[in-house]
Amino acid sequence: MGIPGAVQECFVREGVYRALLAAARSLPDGIGIIVLDGWRPWQVQQYLFDTLHEAIRHHQPDLSTTALLERTREFVSVPSRDPLAPSPHLTGGAVDVTLCDADGLPLDMGTLFDEAVPASHSDYFEHLKALTPQQQKARDHRRLLYHSMRQQGFTNLPSEWWHYDFGDQLWAYYGAHDHAYYGPAELDTIENRWRKQLG
Ligand SMILES: C[C@@H](N)C(=O)N[C@H](C)C(=O)O
Ligand SMILES: [Zn+2]
């Protein structure tokens with residue numbers, strides 16, 4: 001999508017990969033999981049944050065600084081490399097996913113991936129009084145994704161139906177775990193290995 005510094009592949013921690021495989025294998029025949037995003041460099045997190053922050057400011061110029069930050073954080077975490085509070089996608093523990101059919105085509109989840117609207121809240125359809133047949137389908141797809149991921153130990157970010165965590169700080173928070181396992185990560189490239197080895 002032309003994001004500076006973005007990587008072309010989706011990388012996640014091995015533990016996350018194994019749990020994802022288990023979640024995908026637990027789904028009914030003919031339904032699979034598409035991984036939309038995984039590990040992210042800090043530069044990309046900063047770009048996403050700035051871009052959404054600016055778009056919301058443009059759309060709602062009267063929002064206070066606090067409200068603007070709050071609205072932005074609903075859909076993009078604050079960029080942070082702090083080992084004690086890293087942005088979730090910087091750890092390789094966060095993953096954005098959706099369901100697909102047997103042909104690999106995405107199922108209807110009610111909104112697009114990364115749509116910064118209230119309908120993207122995971123439980124949005126759970127609170128609607130009357131659902132159209134299409135909304136019922138989207139609700140059922142969200143439920144299926146949610147339960148298959150939760151069964152494998154992931155937690156979901158309530159403001160995004162697609163965002164799941166395993167072993168990072170959001171996981172510790174929403175899953176009531178004592179502490180996170182994963183801190184900020186870098187890709188295991190030859191350059192990074194030499195940097196580490198040579199100090
Ligand atoms: C940008 C979106 N896909 C996402 O990952 N949002 C969460 C909140 C994040 O940035 O950690
Ligand atoms: Zn995410």
Side-chain angles (χ1 to χ4, degrees), residues 1-13 15-17 19-20 23-24 33-59 66-100 106-107 109-124 141-142 145-146 148-150 152-175 177 180-187:
M1 297 184 89
I3 301 175
V7 289
Q8 297 307 309
E9 293 94 342
C10 288
F11 297 100
V12 290
R13 298 274 185 165
V16 176
Y17 178 66
L20 269 174
I33 287 179
I34 299 177
V35 178
L36 300 161
D37 201 1
W39 175 82
R40 215 177 263 165
W42 178 84
Q43 186 191 357
V44 171
Q45 189 69 33
Q46 182 77 59
Y47 177 90
L48 293 173
F49 187 87
D50 291 347
T51 309
L52 182 60
H53 192 267
E54 187 50 32
I56 297 173
R57 202 176 62 79
H58 187 76
H59 186 64
T66 315
L68 178 59
L69 179 64
E70 203 56 33
R71 286 277 288 111
T72 310
R73 288 181 58 178
E74 214 181 316
F75 292 103
V76 183
S77 299
V78 172
S80 166
R81 283 182 280 213
D82 178 352
L84 294 176
S87 317
H89 277 278
L90 267 64
T91 69
V95 66
D96 296 333
V97 288
T98 192
L99 293 177
C100 64
L107 297 187
M109 305 300 278
T111 69
L112 296 176
F113 166 52
D114 269 348
E115 248 191 283
V117 294
S120 289
H121 294 182
S122 307
D123 65 354
Y124 178 77
H141 292 154
R142 285 188 191 189
L145 179 62
Y146 179 84
S148 64
M149 296 293 278
R150 284 293 290 141
Q152 302 308 325
F154 287 94
T155 56
N156 172 243
L157 180 65
S159 54
E160 299 181 351
W161 58 258
W162 56 83
H163 180 105
Y164 286 84
D165 297 278
F166 190 96
D168 62 15
Q169 293 235 328
L170 278 182
W171 170 84
Y173 178 74
Y174 285 112
H177 300 283
Y181 291 123
Y182 304 141
E186 288 298 334
L187 287 187

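Numbering of ligands and ligand atoms starts at 1, following listing order. Side chains are part of it too, since the values below use all heavy atoms of this structure and drop only hydrogens, waters and symmetry mates.
- Atom 3 (N) of ligand 1 has Asp114 OD1, 2.7 Å as its closest protein atom, hydrogens excluded (heavy atom only).
- Shown in contact with Trp162 at under 4.0 Å from a heavy atom are these atoms of ligand 1, numbered in order with element: 3 (N).
- The ligand atoms of ligand 1 that sit less than 4.0 angstrom from a heavy atom of Phe75 are 1 (C), 2 (C), 4 (C), 6 (N), 7 (C), 8 (C).
- Inclusion of Glu74 in the set of residues having an N or O under 3.5 Å from an N or O of ligand 1 is not warranted.
- Results of the side chain to side chain contact (heavy atoms under 4.5 Å, CB included) test with Arg142 over Thr98, Thr111, Leu99, Leu107 single out Thr111 as the only residue that passes.
- For the side chain to side chain contact (heavy atoms under 4.5 Å, CB included) test with Phe49, the passing option among Ser77, Pro79, Ser80, Ser87 is Pro79; the others fail.
- The closest side-chain donor-acceptor pair between Asp123 and His121, if any, does not fall under 3.5 angstrom.
- Taking every non-hydrogen atom of His89 and a distance limit under 4.0 Å, the qualifying atoms of ligand 1 come out as 5 (O), 9 (C), 11 (O).
- Here is the list of ligand 1 atoms found below 4.0 Å of a heavy atom in Asp96: 3 (N), 5 (O).
- Using bins of under 30°, 30° to 60° and over 60° for the plane-to-plane angle, the ring pair Trp171/Phe166 lands in the tilted bin.
- The CZ atom of Phe154 sits 4.0 Å away from the CG atom of Leu20 when rounded to the nearest 0.5 Å.
- The N, O or S atom of His89 lying closest to the Zn ion (ligand 2) is NE2.
- Other residues, nucleotides and ligands contribute more than 12 heavy atoms inside 6.0 Å of the CZ atom of Phe11.
- For a distance bound of 2.8 Å, the N, O or S atoms of Asp96 include one lying that close to the Zn ion (ligand 2).
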**Message:** Pair Asn156, Tyr164 - check side chain to side chain contact (heavy atoms under 4.5 Å, CB included), show working.
**Reply:** CA-CA 5 Å; Asn156 172 243; Tyr164 286 84; 3.5 Å; yes
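- Taking distance alone, with nitrogen or oxygen atoms compared against 3.5 Å, Phe113 stays at or beyond that limit from ligand 1.
- The shortest contact between atom 11 (O) of ligand 1 and any protein heavy atom is with Ser77 OG, 2.6 Å.
- Of all the atoms in ligand 1, the ones that sit under 4.0 Å from a non-hydrogen atom of Leu157 are 8 (C).
- Where the criterion is an N or O separation shorter than 3.5 Å, residue side chain and backbone included, Arg73 fails it with respect to ligand 1.
- Under the 6.0 Å cut-off for aromatic ring centres, Tyr124 and Trp161 do not qualify, their centroids lying 6.0 Å or more apart.
- Taking the Zn ion (ligand 2) as reference, the nearest N/O/S atom within His163 carries the name ND1.
- Look at Asp37 and you'll find every heavy atom at least 4.0 Å from all atoms of ligand 1.
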**Prompt:** Between Ile33 and Met149, is a side chain to side chain contact (heavy atoms under 4.5 Å, CB included) present by the stated rule, with each step listed?
**Reply:** CA-CA 10 Å; Ile33 287 179; Met149 296 293 278; 4.2 Å; yes
